[in-house]
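Letters A, B, ... mirror the listed sequences (proteins, then strands); counts begin at 1.
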Amino acid sequence: MLGLKRTNSCGELMSNFAGQEVVLCGWVSRRRDHGGLIFVDLRDRSGIVQVVFSPEVAQDAFLKAETVRNEYVLTVRGVVKLRDSDTINPNMPTGEVEVNGLEIRILNAAKTPPFYIQDDIDVDETLRLKYRYLDLRRPEMQRNIILRHRATKLMRDYFDSNNFLEVETPILIKSTPEGARDYLVPSRVHPGKFFALPQSPQIYKQILMVAGIERYFQIARCFRDEDLRADRQPEFTQLDIEMSFVDQEDIMKMMEKMLAYLFKEANGIEISAPFIRMTYDDAMNKYGSDKPDLRFGMELMDISEAVRGSEFKVFESVLKAGGRVKAIKVPNYSHIPRKELDGLVEYVGSFGGKGLAWMCYTPDGIKSQITKFFSEEIVGKITAMTEAGEGDLLLLMADKPAVVNPVLGQLRLEMARRLDMIDPDKLCFLWVVDFPMFEYDEEEKRWVAMHHMFTAPRDEDIQYLEQDPGRVLAKAYDVILNGTELGGGSLRIYQRDLQEKVFNAIGFSVEEATEKFGYLLEAFEYGTPPHGGIALGIDRLIMLMAGRPSLRDVIAFPKTQSATDLMAQAPGTVAPRQLKDLHVKLDVLAKK
RNA sequence: GGCCCCGUGGUGUAGUGGUCUAACAUGCCGCCCUGUCACGGCGGAGAUCGACGGUUCAAAUCCGUUCGGGGUCGCCA
């Protein structure tokens, strides 16, 4: 490349560069060979510009351009010129100019890629993941990577200017009980012992508060060895925050401002703060979810009192057992085909719903399989209570709240998707607050912490910790965007005796607690400030900002659903010697 | 661990028991072409239909197993 130093990027060449000689570097996005004239679309990170090679302008460059193929890596020297008005391409940002190629250096040839390096391709994701370096060359993926960079930069700027310190915490830590399955790393030095990879930096950030850091943040990699989803990867990134001398509102305000700043600077979108605050109870009762999507209505309605005393045995027995009868009103869908209704019964079944009733308010009256069990009065009460009118469809379910709420909540989302009721451009943030401290684990027959075991109970509920743990609410809060949990946090326990009470409530003995995190309990005795924090899932946040349906589109090198890296072929086998060093013996037979 | 969807030239699809010696588009290769921008024209190469087993006179097509990918329930404090 002697004497040819890159002077400009492809995407920046606009009409004001006309007449300038430039040296560009990039990849051949496309070549159009007209025999006596060759067009090369040259692409770099900034964009694409058209380079023209003509034998009259530069014979050598023209001959070399004939040999060039897609994805060849070039340095091109040429002169920017305005295009004739009839050859302007309004579809590309640089379409008013082109570069008259004077000289080409082929820095590297390239094999024909297995898929097009362009947006909106329709290829199996397996291929994209295997050739991730080609996938990432596509402009839309580059935009995602750039957005992610900008977003994390803005976060760092924001927290820096609010007097936070970014502190790194260890990746090799001690396995702690509860929560997700740990990724484990065997210790060579300590035979039979293991490190765990952090599910979050929880304990370290609390200890940083004891250490007087006061305001901590970290863009932290976290690991959870659980099954994957479109919005769940086994390793993911959290924006982790912890603050001393604050209450719940302080933390929520700090995050609201950060999110408003982020969306404004990165996406140019104004979002209104403060966000709605909704109690966990309200969220479950009205939306059947602790992460409600508020972009549309169709709330769950409790019609137990309207149907009480009917001839319909299913409803009556549920009500007698303390359950509820609830409904959602699907607007303008009373003409739903019978076949789809049957499908919905099956749909709720997949979530544990035992049945589904319907009332179609058609122009010819109410069509329903259950109104024959209802008096006119009851039908009237239902209609009044739900404000159902002609054209509406009521979907009804009866069960205990722990079933009817989540299942109807799922149905609410499904109906909204089917009827296209969700505005994809809307951003609905909210806080869900007043979470229960514990939930009962049927398998283990004990209470477990809903958020985590360092979460502080509300002061007024501490009295119930021993007798009635189910009644205790926590100083915990989740931030939700469009039905996705962006993150959650809590105020923490900072007194040893209260922490021990909570351990007690979840059946955690003092000995066990001491063995697992005695260091934290001990730290609490050396002057711990009141503190609390929150963590946001950065991958999910970027996914929503980029409007992508999958986390994999905003992670440079994501894993497949079976937690493998198709490009690097990880995980892989290791040499027997490595296992020996680690004192690890396998109980699986190596595949032939 | 359960349920659902997908797997056919490089890529995306069609073909759902025989007429498939597998079609179409695009990409690739060659020739032609001086204003294209998804350039165009002509010609050519390229697939034992994910793998294995079974049913059948006959399988891309039906059945079973398995592998890979995706979605989801469980799981994910």
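- Between A/Pro114 and A/Ala230, the residue anchored closer to the 5' end of RNA chain B is A/Pro114, taking for each the nucleotide with the nearest heavy atom.
- Between the C1' atoms of B/rC20 and B/rC31, the separation comes to 32 Å (whole Å).
- On the P atoms, B/rA51 is 15 Å away from B/rA59, given to the nearest whole Å.
- A salt bridge is defined here as a Lys NZ or Arg NE, NH1 or NH2 lying under 4.0 Å from an Asp or Glu carboxylate O, and A/Arg224 with A/Glu226 fails to meet this definition.
- Evaluation of atom-type donor-acceptor distances gives no pair under 3.5 Å for the side chain of A/Arg224 against the base of B/rC76.
- Among the protein residues, A/Leu127 comes within range of the sugar-phosphate backbone only, with heavy atoms under 4.0 Å from sugar or phosphate atoms but none that close to a base.
- As judged by a 4.0 angstrom heavy-atom cut-off over every strand, A/Glu178 is placed among residues making no nucleic acid contact.
- If you take CD of A/Glu125 and C1' of B/rG7, they are 15 Å apart, rounded to a whole angstrom.
- Using C1' as the reference atom, B/rG40 and B/rC4 are 46 Å apart when rounded to the nearest Å.
- Residue contacts shown for A/Val123 are limited to sugar-phosphate atoms, with no base heavy atom under 4.0 Å away.
- The shortest distance between the side-chain N/O atoms of A/Gln199 and the OP1/OP2 oxygens of B/rC76 is not below 4.0 Å.
- Using a 4.0 Å cut-off between charged side-chain N and carboxylate O, A/Arg31 and A/Glu71 make no salt bridge.
- At a threshold of 4.0 angstrom between heavy atoms, the contacts of A/Ile121 with the nucleic acid are absent.
- To the nearest whole angstrom, the two P atoms, one in B/rG41 and one in B/rU26, are 9 Å apart.
- Nucleotides B/rG12 and B/rA47 are separated by 14 Å at their C1' atoms, to the nearest Å.
- Between A/Asp478 and A/Lys291 there is no salt bridge, since no side-chain nitrogen of the basic residue lies less than 4.0 Å from a carboxylate oxygen of the acidic one.
- In this structure, of B/rU72, B/rG12, B/rG69, it is B/rG69 that holds the atom nearest to the side chain of A/Thr560.
- Phosphate contact (OP1/OP2 of B/rG69, side-chain N/O of A/Thr564, threshold under 4.0 Å): present.
- Searching all strands for a Watson-Crick or G-U wobble partner of B/rG68 with both distances below 3.5 Å returns B/rC6.
- Taking atom C1' in both B/rC62 and B/rU56, one finds a spacing of 10 Å when rounded to whole Å.
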Test side-chain hydrogen bond (donor to acceptor under 3.5 Å, both in side chains) on A/Thr169 and A/Gln218 and set out the steps.
CA-CA 8 Å; A/Thr169 53; A/Gln218 183 180 190; 3.0 Å; yes

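- To the nearest whole angstrom, the two P atoms, one in B/rG18 and one in B/rC37, are 43 Å apart.
- Salt bridge A/Arg143/A/Asp119: present, at least one basic N to carboxylate O contact under 4.0 Å.
- A/Asp227 comes within 4.0 angstrom of a nucleotide base, judged by non-hydrogen atoms across all strands.
- Remark: A/Thr126 is not in phosphate contact with B/rG7, judged by side-chain N or O atoms under 4.0 Å from OP1 or OP2.
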Report, as a single string ordered 5' to 3', how protein heavy atoms within less than 4.0 Å touch nucleotides 35-47 of chain B: B base, S sugar-phosphate only, - not at all.
BBBSB--------

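- In summary, A/Asp227 and A/Arg232 do not engage in a salt bridge, as defined by a charged side-chain N under 4.0 Å from a carboxylate O.
- Distance NZ (A/Lys559) to P (B/rG68): 17 Å, rounded to an integer number of Å.
- One cannot find a donor-acceptor pair under 3.5 Å joining the base of B/rG27 and the side-chain atoms of A/Asn70.
- For B/rG70, the base has no donor-acceptor partner in the side chain of A/Arg229 [N/O atoms by modelled type, under 3.5 angstrom].
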